[in-house]
Amino acid sequence: MAVDKKRIAEILASARKQGRLGLLEHEAKQVLAAWGVPVARTELAGDAAEAVRIARELRYPVVMKIASPDIVHKSDAGGVRVGLSSELEVRQAFDEIVANARAYKPDANILGVVVQEYLPQAMEVIIGTLQDPSFGATVMFGLGGVWVEVLKDVSFRLAPLDAGDAREMIQEIKGHPVLMGVRGEPQADIGALIDILQKVGRLAHEFPGIAEMDLNPVFLFERGKGAIAIDARIILGEGAHG
Ligand code: ADP
Ligand code: MG
């Protein structure tokens, strides 16, 4: 897919214009998609009828999540429903997700829900970026879940990365053998992972106004089957533009 820098600049500018430094999940995924990073197709629905229309278009099953600039950790707010397979389930999920979010944070500005395609379970990895004040765009990589939360098993490299840098990042983490397949599990699609690491690094390098990116999780399938960002967050820097 062709890179669309203009589209990315527009999405970033539009959030800033609305006084927001945090992009919503569907906006962050639009930025990534315009840069050629594979993402789960995701659209914003303002009401239940729109959610049903989008679900039909994406095909069941779908996933729905709360869409609010004031709710960052959507699961914590009871704001994620996975594997919805009918119009009735989508309608019920819409009401439940919004009610849960209101209970969790009564003053949250709720825009609706995002509806997205459901992806089969896979290995979960996380890919992030930050802007180091002295060295600039930096990429972080780790395995998801306990690997990052408990063991802090992550690696860092300055962007832009060549394929060798990306490969080193992957090899450096303690959990690396898991990616190569343990106990008869198939090897993960390392090529797809290298591609995303490089692309994300290049995006942060070329758009220094992106203070932080967080792709968490990225579903990583077995060799030849690719990888895809399931959740994404982008935070813009104060003052900085571009
Ligand atoms: P949070 O804001 O809580 O991080 P996520 O969007 O990461 O919300 O969703 C929480 C979990 O739900 C993910 O880690 C993943 O396991 C599952 N999930 C989310 N979206 C999808 C999807 N499109 N397909 C399959 N599973 C999903
Ligand atoms: Mg997440």
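Counting begins at 1 with the first residue of the sequence.
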Step by step, would you call R157 with E172 a salt bridge (charged side-chain N to carboxylate O under 4.0 Å, His left out)? CA-CA 11 Å; R157 277 292 181 291; E172 249 169 44; 2.5 Å; yes

Any heavy-atom pair between the side chains of E25 and K65 that's under 4.5 Å? yes

Rounded to the nearest 0.5 Å, how far does CG of L44 lie from CD of E27? 8.5 Å

Determine, for K29 against D231, whether the closest basic-nitrogen to carboxylate-oxygen distance falls under 4.0 angstrom. no

Just so I know, are the side chains of M140 and T129 near enough to count as touching, which here means a heavy-atom distance under 4.5 Å? no

Any M123 side-chain heavy atom under 4.5 Å of E222 side chain: no

When rounded to the nearest 0.5 angstrom, what is the spacing between CD1 in I110 and CZ in R102? 4.5 Å

Hey, does L12 have a side-chain heavy atom less than 4.5 Å from the side chain of L23? yes

I8 side, atom CD1; L203 side, atom CG - distance, nearest 0.5 Å: 5.5 Å

Can you check whether F141 reaches L193 side chain to side chain, under 4.5 Å on heavy atoms? yes

Using a 4.5 Å cut-off on heavy atoms from C-beta on, say whether the side chain of M213 contacts that of R233. no

In plain terms, say whether E87 and R56 are close enough for a salt bridge, that is, a side-chain N and a carboxylate O under 4.0 Å apart. yes

Neighbour count >12 (heavy atoms, 6.0 Å) for atom CZ, R167: no

Salt bridge check, R91 against D95: does any charged N sit closer than 4.0 Å to a carboxylate O? no

For E10, is there an ion pair with K17 - N to carboxylate O distance below 4.0 angstrom? no

Could you state the interatomic distance from CZ (F94) to CG (D47), rounded to the nearest 0.5 Å? 6.0 Å

Hey, are the side chains of D70 and D107 touching, using non-hydrogen atoms and a 4.5 Å cut-off? no

Work out which heavy atom in Y104 is nearest to a heavy atom in A77; give both atom names and the distance. CD2-CB, 3.4 Å

When rounded to the nearest 0.5 angstrom, what is the spacing between CG in L161 and OG1 in T138? 9.5 Å

Taking atom CD of Q198 and atom CD1 of I194, what is their separation to the nearest 0.5 Å? 7.5 Å

Contact between E89 and Y60 at the side-chain level, heavy atoms closer than 4.5 Å - yes or no? no

